[in-house]
Structure formats: structure tokens, C-alpha cells
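Just the heavy atoms: all of them, side chains too, but no hydrogens, waters or symmetry mates, feed the values below.
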Amino acid sequence: MRCKCSVIIINYNNGRFLNECISSVNSQTRKADEIIFCDDFSSDNSLEIANRFKNDMKILVQTSNTGPLLNC
């Protein structure tokens, strides 16, 4: 029986790293069964970049900045 592999990407204003991060997840030998992108109310271009991958992952957006623990 194969275990399910989920990847959670928590983000706050890290748009400059997102292409590399998401590409790295997608290029792993063991493919993720799901990718969940959690944005903590970023004010940079993070959501614009994440939306380029919206067919490959679930995108969750906080309505206010909650910090990394609650964002996750």
C-alpha cells in the first residue's frame, strides 16, 4: 500500500522564491499527491506567482496575517 504524500508550502512575501520552490516540489522523484499553498496575507506578488500553478496545487489565502503556525 502506497502512502499519500502531501506537501504544504507556507508563504509570506516570498514571491521571489516561489517559482524555484514549486518547481523543486514538482521535480522530485516521488511526486506529491497534493500540494497545498498557504499564503499568510502577502503584500508582494506571491499570489500572482502561485496562481500560475493553480492547476497543480490547492491555494489557501488568509484574510489577515496570522503568523507561520496558524497559517499552516
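With hydrogens and angles disregarded, no donor-acceptor distance shorter than 3.5 Å links the side chain of N65 to the backbone of F41. Formation of a donor-acceptor pair under 3.5 Å by the N51 side chain with backbone atoms of L47 is found in this model. With S24 contributing its side chain and E20 its backbone, the two residues share no donor-acceptor pair below 3.5 Å.
Summarising the geometry, atom CZ belonging to F37 is positioned 8.5 Å from atom CD1 belonging to I49; distances are rounded to the nearest 0.5 Å. Atom SG of C38 sits about 5.0 Å away from atom CG of L60, to the nearest 0.5 Å.
Contacts of L70 classified as side chain to side chain contact (heavy atoms under 4.5 Å, CB included), with partners at least two apart in sequence or in another chain: T66. Remark: D33 engages R2, R30 in a salt bridge (charged side-chain N to carboxylate O under 4.0 Å, His left out) (not counting sequence neighbours). Every residue two or more places apart in sequence or in another chain was checked for a side chain to side chain contact (heavy atoms under 4.5 Å, CB included) with K31, and none qualifies.
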Which donor-acceptor pairs under 3.5 Å do side chains of residues 4-16 form with protein atoms, sequence neighbours excluded?
{"residue": "S6", "atom": "OG", "partner": "E34", "partner atom": "OE2", "Å": "2.6"}
{"residue": "N11", "atom": "OD1", "partner": "N14", "partner atom": "N", "Å": "3.3"}
{"residue": "N11", "atom": "ND2", "partner": "D39", "partner atom": "OD1", "Å": "2.7"}
{"residue": "N11", "atom": "ND2", "partner": "S42", "partner atom": "OG", "Å": "3.2"}
{"residue": "N11", "atom": "ND2", "partner": "S46", "partner atom": "OG", "Å": "3.0"}
{"residue": "N13", "atom": "OD1", "partner": "S43", "partner atom": "N", "Å": "2.6"}
{"residue": "N13", "atom": "OD1", "partner": "D44", "partner atom": "N", "Å": "3.1"}
{"residue": "N13", "atom": "ND2", "partner": "S43", "partner atom": "OG", "Å": "3.4"}
{"residue": "N14", "atom": "ND2", "partner": "Y12", "partner atom": "O", "Å": "3.2"}

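Placement of I36 and M57 in two distinct hydrophobic clusters is found when ILVMFWY residues are connected by side-chain heavy-atom separations under 4.5 Å, directly or transitively. Side-chain heavy atoms closer than 4.5 Å link hydrophobic residues (I, L, V, M, F, W, Y) into clusters, and following such links, possibly through other members, connects I59 to I35.
Each salt bridge (Lys or Arg N to Asp or Glu O under 4.0 Å) pair with one or both residues in residues 45-65, not counting sequence neighbours, appears once here: E48-R52.
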